[in-house]
J.: 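Structure below; questions to follow.
Nothing fancy with the numbering, it's 1 onward along the sequence. On a predicted model such as this, the values are computed, not experimentally measured, just so you know.
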Amino acid sequence: MNTEEIVKELRMFSTTELCDGMEEPRVLDPAIRRMVTEQKIVGSAFPVEVPEGASGIIPDALLEIQPGQVLVIAGHGFCRGSYWGDYRSICAAMCQVEGVVIDGAFRDREGCREAGVPVFARTSIPCAAGKAREGRLNVPVMLGEVPVRPGDFVVGDEDGVVIIPPEEAEAIMERARKKMALEAAAIRKMRETGQVLPRANLMQEKTEK
């Protein structure tokens with residue numbers, strides 16, 4: 001499948017279902033959570049490495065990012081100033097950015113909501129980060145202990161954010177489908193028989209014997 005097809009397929013899964021399909025989950029720190037809009041985000045990553053507390057290079061990213069991509073800001077967990085605000089959200093909306101994931105803080109919640117671009121971040125704070133125009137665009141970064149490469153798939157919803165390497169996407173979705181089918185079958189059986197099956201995988205074990 002090409003990138004567009006994979007994105008379309010990934011939209012059918014929650015982050016929890018995708019985690020069930022991963023052999024080694026790549027899940028961002030749960031402190032990085034959905035802050036703006038209730039939209040799920042699915043898209044390829046455009047990672048930005050910034051110095052701790054400096055956001056001056058981020059506008060340059062908005063000139064290069066492609067429609068449908070997710071802007072990933074590796075801000076080193078800095079929360080004493082904001083990497084993002086409503087003006088940048090308006091620009092991102094015009095660029096048709098799928099969403100923004102920030103390892104750090106943002107501001108202007110109300111204005112960001114009006115702009116409509118989903119923002120995942122650690123927190124919000126009124127003051128801005130520094131404006132030094134330093135850093136690197138569209139390069140591999142680390143968000144905590146999780147690596148994010150250009151083109152990795154980013155999926156974010158109310159449970160958190162997961163990172164999916166393109167070469168693993170189809171296998172992850174296939175394993176997730178099997179787990180989902182198993183649970184659906186167990187739920188049907190419980191409703192039909194009244195028998196409680198706390199472990200859906202027991203049905204698989206019985207089938208395989």
Side-chain angles (χ1 to χ4, degrees), residues 3 6-7 10 13-19 21-37 39-62 64-66 68-85 88-89 92 95 97-107 109 112 117-125 128-130 132 134-169 172:
T3 296
I6 292 175
V7 167
L10 285 172
F13 298 88
S14 67
T15 55
T16 57
E17 291 163 345
L18 291 170
C19 278
M22 293 181 187
E23 294 182 335
E24 189 176 332
R26 290 180 173 88
V27 183
L28 298 190
D29 187 326
I32 300 173
R33 61 193 188 278
R34 187 164 63 186
M35 295 284 185
V36 174
T37 85
Q39 294 172 236
K40 178 179 181 178
I41 63 170
V42 183
S44 60
F46 186 102
V48 180
E49 180 74 58
V50 296
E52 183 175 332
S55 69
I57 198 173
I58 293 172
D60 296 327
L62 290 169
E64 294 190 19
I65 195 167
Q66 297 300 306
Q69 288 189 307
V70 176
L71 181 61
V72 178
I73 301 171
H76 310 284
F78 180 80
C79 292
R80 298 188 301 279
S82 62
Y83 288 110
W84 190 265
R88 290 177 181 176
S89 273
C95 295
V97 171
E98 173 73 10
V100 183
V101 176
I102 309 167
D103 186 9
F106 80 112
R107 67 177 186 174
R109 281 180 185 250
C112 288
V117 176
V119 176
F120 289 70
R122 288 183 176 272
T123 190
S124 61
I125 191 169
E134 300 173 0
R136 298 182 300 158
L137 302 179
N138 211 25
V139 295
V141 299
M142 295 292 294
L143 268 68
E145 298 181 356
V146 181
V148 184
R149 304 169 303 174
D152 282 351
F153 293 107
V154 181
V155 182
D157 61 19
E158 60 187 343
D159 284 309
V161 181
V162 299
I163 307 299
I164 299 177
E167 65 272 17
E168 298 178 22
I172 287 171

J.: Can you name the nearest heavy-atom pair linking Ile41 to Gly99, along with the distance?
T.: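 Taking Ile41 first and Gly99 second, the nearest heavy atoms are CG2-CA, 4.2 Å.
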J.: For residues Val117 and Val100, report the shortest heavy-atom separation together with the two atoms involved.
T.: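 In this case the closest contact between Val117 and Val100 is CG1-CG2, 4.1 Å.
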J.: Taking all non-hydrogen atoms of both residues into account, name the closest pair between Ala121 and Phe106 and its distance.
T.: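 In this case the closest contact between Ala121 and Phe106 is CB-CD2, 3.8 Å.
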J.: Under 3.5 Å, which donor-acceptor pairs do the side chains of residues 42-50 form with other protein atoms, sequence neighbours left out?
T.:
unit_1	atom_1	unit_2	atom_2	d
Glu49	OE2	His76	NE2	2.9

J.: Answer yes or no: does atom CD of Glu167 have more than 12 heavy-atom neighbours from other residues, nucleotides or ligands under 6.0 Å?
T.: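 Yes, the 6.0 Å shell around CD holds more than 12 heavy atoms from other groups.
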J.: Report yes if some heavy atom in the side chain of Asp152 is under 4.5 Å from a heavy atom in the side chain of Pro165; otherwise report no.
T.: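 Side-chain contact under 4.5 Å: yes.
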J.: Once rounded to the nearest 0.5 Å, what's the spacing between atom CD of Gln69 and atom OG1 of Thr3?
T.: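 It comes to 9.5 Å.
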J.: Please enumerate all residues that pass side-chain hydrogen bond (donor to acceptor under 3.5 Å, both in side chains) together with Asp157, with sequence neighbours excluded.
T.: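 Listed in chain order: Thr15.
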J.: Would one find more than 12 heavy atoms of other residues, nucleotides or ligands at under 6.0 Å from atom CD of Glu158?
T.: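 At most 12 heavy atoms, drawn from other residues, nucleotides or ligands, come within 6.0 Å of this atom.
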J.: I need the Ile102 CD1 to Leu71 CG distance, nearest 0.5 Å.
T.: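 Going from CD1 on Ile102 over to CG on Leu71, the span is 7.5 Å.
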J.: For residues Val162 and Cys19, report the shortest heavy-atom separation together with the two atoms involved.
T.: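 The answer is CG1-SG, 3.6 Å.
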J.: Run Ile125 and Cys79 through side-chain contact (heavy atoms from CB on, under 4.5 Å) and show every step you take.
T.: CA-CA 7 Å; Ile125 191 169; Cys79 292; over 6 Å; no
J.: List the atom of Ala129, the atom of Ala54, and the distance in Å for their closest heavy-atom pair.
T.: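 The pair with the smallest heavy-atom distance is CB-N, 4.4 Å.
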J.: How long is the straight-line distance from CZ of Arg149 back to CD1 of Ile163, given to the nearest 0.5 Å?
T.: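 Between atom CD1 of Ile163 and atom CZ of Arg149 there are 10.5 Å.
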J.: Taking it one step at a time, do Ile164 and Ile6 satisfy side-chain contact (heavy atoms from CB on, under 4.5 Å)?
T.: CA-CA 11 Å; Ile164 299 177; Ile6 292 175; over 6 Å; no
J.: Does a side-chain heavy-atom distance below 4.5 Å link Cys112 with Met35?
T.: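 Cys112 vs Met35: side chains apart.
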J.: Begin with the C-alpha distance, continue with both residues' side-chain angles, and end with the deciding distance and a verdict on side-chain contact (heavy atoms from CB on, under 4.5 Å) for Val161 and Val146.
T.: CA-CA 11 Å; Val161 181; Val146 181; over 6 Å; no
J.: Got a second to check how far Leu137's CG is from Ile57's CD1, nearest 0.5 Å?
T.: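 These two atoms lie 4.0 Å from each other.
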J.: Out of curiosity, Ile73 CD1 to Phe120 CZ, how far, rounded to the nearest 0.5 Å?
T.: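 Going from CD1 on Ile73 over to CZ on Phe120, the span is 13.5 Å.
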J.: Does the side chain of Val148 come within less than 4.5 Å of Val101's, by heavy atoms?
T.: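 SC-SC contact between Val101 and Val148 ruled out.
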J.: Nearest 0.5 Å, please: how far is CZ in Arg88 from CZ in Arg107?
T.: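 It comes to 9.0 Å.
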J.: Would you be so kind as to tabulate the donor-acceptor pairs closer than 3.5 Å made by side chains of residues 23-32, with sequence neighbours excluded?
T.:
unit_1	atom_1	unit_2	atom_2	d
Arg26	NH1	Glu168	OE1	3.4
Asp29	OD1	Ala31	N	2.9
Asp29	OD2	Arg122	NH1	3.4
Asp29	OD2	Arg122	NH2	3.3

J.: Checking Tyr83 side chain against Gly75 main chain: does a donor-acceptor pair fall under 3.5 Å?
T.: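 Yes; judged by distance alone, with no hydrogens or angles, the pair exists.
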J.: Would you name the heavy atoms of Pro59 and Gly56 that are closest together and state the gap between them?
T.: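 Smallest interatomic distance, heavy atoms only, reads CD-O, 3.4 Å.
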J.: Any chance you could lay out the side-chain contact (heavy atoms from CB on, under 4.5 Å) test for Val154 and Glu98, step after step, and finish with the verdict?
T.: CA-CA 10 Å; Val154 181; Glu98 173 73 10; over 6 Å; no
J.: Are Trp84 and Ser55 linked by a side-chain donor-acceptor pair shorter than 3.5 Å?
T.: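 No pair is found: no donor N or O on one side chain lies under 3.5 Å from an acceptor on the other.
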